[in-house]
K.L.:
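So that we are looking at the same thing, I have put the structure below in structure tokens.
Quick caveat: nothing in here was measured; it's all calculated off a predicted structure.
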Amino acid sequence: MAALLVTYDLNSPGQRHADLLEFLKKTFAWAKLSESSYAISTNKTPAQVFAQLKPYIDKNDQIYVLTLSRPYMGLGKKEVNDWLEKHL
């Protein structure tokens with residue numbers, strides 16, 4: 001399994017933020033890193049995950065799907081740190 005970072009800014013009027021989050025949370029093991037950044041665990045490539053998320057974004061939104069790996073550094077909630085330790 002790979003750990004990926006999904007980070008986004010939905011800029012359109014009538015954003016589908018709730019739909020995107022619902023899809024992420026029901027489809028992947030995840031940890032919320034910041035307001036619009038989630039680490040996910042998946043067997044899919046960044047391109048495959050991006051294709052799955054594309055229906056939830058508009059052309060003026062911003063979204064990136066990046067591969068996460070060790071080493072990493074950060075400061076955050078214990079449950080996020082534990083998730084990263086388990087999945088990276």
K.L.:
Please report the C-alpha distance between Tyr64 and Tyr8 in whole Å, then the side-chain angles of each, then the deciding distance to 0.1 Å, and finally whether the ring pair (Phe, Tyr, Trp, His ring centres under 6.0 Å) criterion is met.
P.N.:
CA-CA 6 Å; Tyr64 292 93; Tyr8 58 88; over 10 Å; no
K.L.:
To the nearest 0.5 Å, what is the distance between OG1 on Thr7 and CD on Gln62?
P.N.:
9.0 Å
K.L.:
List the steps and the verdict of side-chain contact (heavy atoms from CB on, under 4.5 Å) for Val65 and Ile40.
P.N.:
CA-CA 10 Å; Val65 181; Ile40 64 169; 5.7 Å; no
K.L.:
Quick one, Asp61 and Asp9 - any side-chain contact, counting heavy atoms below 4.5 Å?
P.N.:
no
K.L.:
List the atom of Gly76, the atom of Asn81, and the distance in Å for their closest heavy-atom pair.
P.N.:
O-ND2, 3.3 Å
K.L.:
Would you indicate whether Glu35, at its atom CD, is surrounded by more than 12 heavy atoms from other residues, nucleotides or ligands within a distance under 6.0 Å?
P.N.:
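Count not over threshold, so no.
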K.L.:
Verify the cluster assignment for Trp30 and Ile57: are they in a single hydrophobic cluster under the rule of side-chain heavy atoms below 4.5 Å apart?
P.N.:
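Linked, Trp30 and Ile57 end up in one cluster.
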K.L.:
Which heavy atom of Trp83 sits nearest a heavy atom of Ala39, and at what distance?
P.N.:
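Looks like CZ3-CB, 3.3 Å.
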K.L.:
Measuring from atom OG1 of Thr27 to atom NZ of Lys25, what distance do you get when rounded to the nearest 0.5 angstrom?
P.N.:
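Output value for this atom pair is 12.5 Å.
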K.L.:
If two hydrophobic side chains count as joined below 4.5 Å and joins carry through other members, does Leu5 share a cluster with Val49?
P.N.:
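No, it is not one cluster - the side chains of Leu5 and Val49 are not joined through contacts under 4.5 Å.
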K.L.:
Is it true that Phe28 and Leu68 fall in one hydrophobic cluster, defined by side-chain heavy atoms closer than 4.5 Å?
P.N.:
no
K.L.:
To the nearest 0.5 angstrom, please state how far the CG atom of Leu33 sits from the OH atom of Tyr38.
P.N.:
9.5 Å
K.L.:
Which heavy atom in Lys44 sits nearest to a heavy atom in Leu4, and how many Å separate them?
P.N.:
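Result for this residue pair: O-CD1, 3.9 Å.
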K.L.:
How long is the straight-line distance from OG1 of Thr42 back to CD of Gln52, given to the nearest 0.5 Å?
P.N.:
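Going from the CD atom of Gln52 to the OG1 atom of Thr42 covers 7.0 Å.
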K.L.:
To the nearest 0.5 Å, what is the distance between CZ on Phe50 and CG on Leu66?
P.N.:
11.5 Å
K.L.:
Do the charged groups of Asp82 and Lys86 touch, with an N to O distance under 4.0 Å?
P.N.:
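No.
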K.L.:
Step through the shown structure and confirm whether more than 12 heavy atoms of other residues, nucleotides or ligands are within 6.0 Å of NZ on Lys77.
P.N.:
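Not buried by this count: 12 neighbours or fewer within 6.0 Å.
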K.L.:
Taking all non-hydrogen atoms of both residues into account, name the closest pair between Leu88 and Ala3 and its distance.
P.N.:
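Closest pair (atom of Leu88, atom of Ala3, distance): CD2-CB, 3.2 Å.
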K.L.:
Return the NE2 to CZ distance between His87 and Arg70, rounded to the nearest 0.5 Å.
P.N.:
11.5 Å
K.L.:
With a 4.5 Å heavy-atom cut-off, do Leu24 and Leu53 have their side chains touching?
P.N.:
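Counting from C-beta outward, Leu24 and Leu53 do come under 4.5 Å.
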K.L.:
Please indicate whether Tyr72 has more than 12 foreign heavy atoms, meaning atoms of other residues, nucleotides or ligands, lying under 6.0 Å from its OH.
P.N.:
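Yes, OH of Tyr72 has more than 12 neighbouring heavy atoms, counting only those of other groups under 6.0 Å.
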